[in-house]
2 protein chains.
Amino acid sequence: MVSFPSAPDDLFKAYAYEQLATIGKALCAPARLVILNVLCQGERTVEVLAGHAGLSVANASQHLQVLRRANLVESERQGNKIIYRVADRNVVGFFTSMKELAAERMSSLQVAFSEISAAPSRLAAVGREELLSLVEAGIAVVIDVRPSEEYRSGHIAGTVSIPLDRLSDHLSWLPADKEIVALCRGSYCILADKAVDILRELGLSARRAIDGVVEWELSGLPVERETGQRLEASVEGDHGGQ
Amino acid sequence: MVSFPSAPDDLFKAYAYEQLATIGKALCAPARLVILNVLCQGERTVEVLAGHAGLSVANASQHLQVLRRANLVESERQGNKIIYRVADRNVVGFFTSMKELAAERMSSLQVAFSEISAAPSRLAAVGREELLSLVEAGIAVVIDVRPSEEYRSGHIAGTVSIPLDRLSDHLSWLPADKEIVALCRGSYCILADKAVDILRELGLSARRAIDGVVEWELSGLPVERETGQRLEASVEGDHGGQ
DNA sequence: ACCATATTCAACTGGTCACTTGAATACTTG
DNA sequence: CAAGTATTCAAGTGACCAGTTGAATATGGT
């Protein structure tokens with residue numbers, strides 16, 4: 001560069017950090033984070049995503065384009081609809097580490113949350129190592145309380161699908177002598193908390209898992225997918241979770 | 001939760017994503033990213049950080065407080081000055097993966113950049129595996145072209161400190177029969193590019209490393225630190241790098 | 001105690017972003 | 001080819017954010 005004026009250097013620096021900031025900007029609106037979190041679990045249509053985030057379709061579409069400009073998600077036309085998905089497996093890992101980083105801040109909230117909740121489900125949450133050992137020892141059953149569509153589009157092998165809103169239908173055959181561990185979408189999702197509260201009120205031994213299906217998948221557990229099955233519009237069954 | 005109104009659920013969801021967005025907001029201003037990148041290499045004073053980012057001290061202070069509110073950095077008073085550092089080793093890892101995620105977007109820029117640059121240093125950059133094998137085979141020398149203060153505060157074992165602005169003083173003893181690999185702060189830093197251009201103009205075989213010292217450190221290489229040595233105010237020697 | 005230095009606070013301004021609304025585009029189905 | 005559905009575009013509004021300036025706070029040295 002010797003004979004190089006310094007201007008292009010600053011230009012490069014400015015441009016580089018501007019590009020980097022594009023990713024940051026994509027992650028600074030809560031609505032986009034909700035969308036991204038849903039997309040980390042599988043591909044979805046615009047309408048479904050708008051429902052999850054509580055946005056108008058037009059608004060959700062704009063948020064999605066911000067995410068796409070940041071190269072975090074990509075879209076593809078499939079028949080009548082346009083489906084969005086994360087652009088890369090790395091995005092899932094990156095977003096997960098962001099959530100883990102925020103978990104520290106969240107801990108204060110979780111304490112406050114457990115105080116208004118009937119059962120301190122969050123504080124007794126089950127970590128990965130413990131859950132694995134519980135399952136291996138055969139003294140725990142893991143139930144996946146997400147809506148059944150999500151279970152179908154990808155779940156950890158060995159878990160049983162019991163959507164939260166159908167939990168009462170399956171109470172009869174749940175073992176009273178084993179511990180029940182509820183699995184949902186992760187620490188930002190409260191489906192498992194609700195399930196645990198219900199089960200405990202019935203006298204069963206239940207706890208929630210700290211991590212969600214996506215985190216387990218990232219840590220290398222085998223995942224089963226029902227291929228060909230696609231998530232169509234149906235936000236029903238999602239009782240404020242995530 | 002059974003007997004729980006759904007309002008607190010939405011409150012939790014909203015609060016959780018708001019907290020997560022705090023981190024995103026901290027990363028959406030280029031100036032803050034520059035600051036964070038410098039902090040990933042070691043603790044600094046406000047004045048130094050302001051110099052790196054090209055901001056007024058008051059402005060840099062405000063940016064630092066945004067970063068602190070997001071729990072990404074922490075501050076400590078040391079005598080007359082206040083030094084900032086990353087709050088957690090995980091922050092370095094997280095920020096690194098963010099940069100890697102952006103690298104894809106950057107590739108287009110790197111091509112454009114190499115076109116105006118005398119030598120296509122970026123395109124021939126050396127990755128980790130290759131560099132390790134080159135060093136093991138004894139056919140490459142690795143020079144650390146960052147300012148000497150940064151080298152002192154932490155560098156990879158086996159590398160030699162040759163600050164870019166003193167490169168001409170060390171030309172005599174650089175081996176002509178080996179390949180010279182220049183190491184700097186990473187792909188967002190152009191110090192190594194400049195060094196390579198100088199060396200090539202002199203007929204030496206030189207390439208830059210893709211990654212910076214921080215990335216190498218994260219991947220497990222032994223790091224040497226001169227303890228007790230602290231980075232005092234001195235932006236001099238930083239020729240537009242980062 | 002006083003001054004110099006380092007950092008933060010407070011008030012202000014221009015620009016950018018999120019959300020709304022109404023229209024336009026693109027594809028599928030009859 | 002027409003009608004319907006899904007998504008995107010375009011314009012407008014209110015809120016928030018980055019940067020500036022000048023003053024306030026806090027520490028160390030004399």
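We use all heavy atoms of the structure for the numbers below, so side chains are in, but hydrogens, waters and symmetry mates are not. Residue numbering restarts at 1 for every chain, and letters A, B, ... go by the order of the sequence lines.
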Please determine, for the side chain of A:V46, which listed nucleotide (C:dA6, D:dA18, D:dT8) has the closest atom?
-> D:dT8
Can you tell me if the side-chain N/O atoms of B:R77 get under 4.0 Å from OP1 or OP2 in C:dA6?
-> no
Hey, is the side chain of A:Y84 poking within less than 4.0 Å of OP1 or OP2 on D:dT8, counting only N and O atoms?
-> yes
Checking B:E215 side chain against B:G212 main chain: does a donor-acceptor pair fall under 3.5 Å?
-> yes
Per atom distances to the A:A29 side chain, the nearest of C:dA18, C:dT7, D:dC17 is C:dA18
Closer to the 5' end of DNA chain C via nearest nucleotide, is it B:A60 or A:V66?
-> B:A60
Please report, rounded to the nearest Å, how far the P atom of D:dA6 is from the CD atom of A:E47.
-> 6 Å
Distance in angstrom units between B:I35 CD1 and D:dA18 P, rounded | 11 Å
Is the phosphate of D:dT20, meaning OP1 or OP2, less than 4.0 Å from a side-chain N or O of B:N59?
-> yes
Whole-Å distance separating the CZ atom of B:R44 from the P atom of C:dT7 = 14 Å
Do side-chain atoms of A:R68 reach the backbone of A:A87 as a donor and acceptor pair under 3.5 angstrom?
-> no
Starting at the 5' end of DNA chain C, which residue's closest nucleotide do you reach first, A:N80 or A:C28?
-> A:C28
Considering only NZ, NE, NH1 and NH2 on the basic side and carboxylate oxygens on the acidic side, decide whether A:R89 and A:E217 come within less than 4.0 Å.
-> yes
Atom-to-atom span, CD of B:E76 to P of D:dA26 - whole angstrom = 18 Å
Which part of the nucleic acid does A:Q65 contact within heavy-atom distance under 4.0 Å: base, sugar-phosphate only, or nothing?
-> sugar-phosphate
Below 4.0 angstrom from OP1 or OP2 of C:dC19, is there any side-chain N or O of A:H63?
-> yes
Rounded to the nearest Å, what distance is computed from the CD1 atom of residue B:I83 to the C1' atom of nucleotide C:dA6?
-> 14 Å
Selected nucleotide, minimal atom distance to A:K25 side chain, candidates C:dT8, D:dT7, C:dC17 | C:dC17
Report which part of the nucleic acid B:A58 touches: base, sugar-phosphate, or nothing (heavy-atom distance under 4.0 Å, all strands).
-> base
Please confirm whether the backbone N or O of B:V92 pairs with a side-chain atom of B:T96, one donor and one acceptor, at under 3.5 Å?
-> yes
A:L27 atom CG is separated from C:dC17 atom P, nearest whole Å, by 14 Å
Between B:R32 (side chain) and B:A26 (backbone), is there a donor-acceptor pair under 3.5 Å?
-> yes
Whole angstrom value for the distance that separates C1' of C:dG22 from CD of A:Q62 = 13 Å
In whole angstrom, give the distance that lies between atom CD of B:Q78 and atom C1' of C:dT5.
-> 16 Å
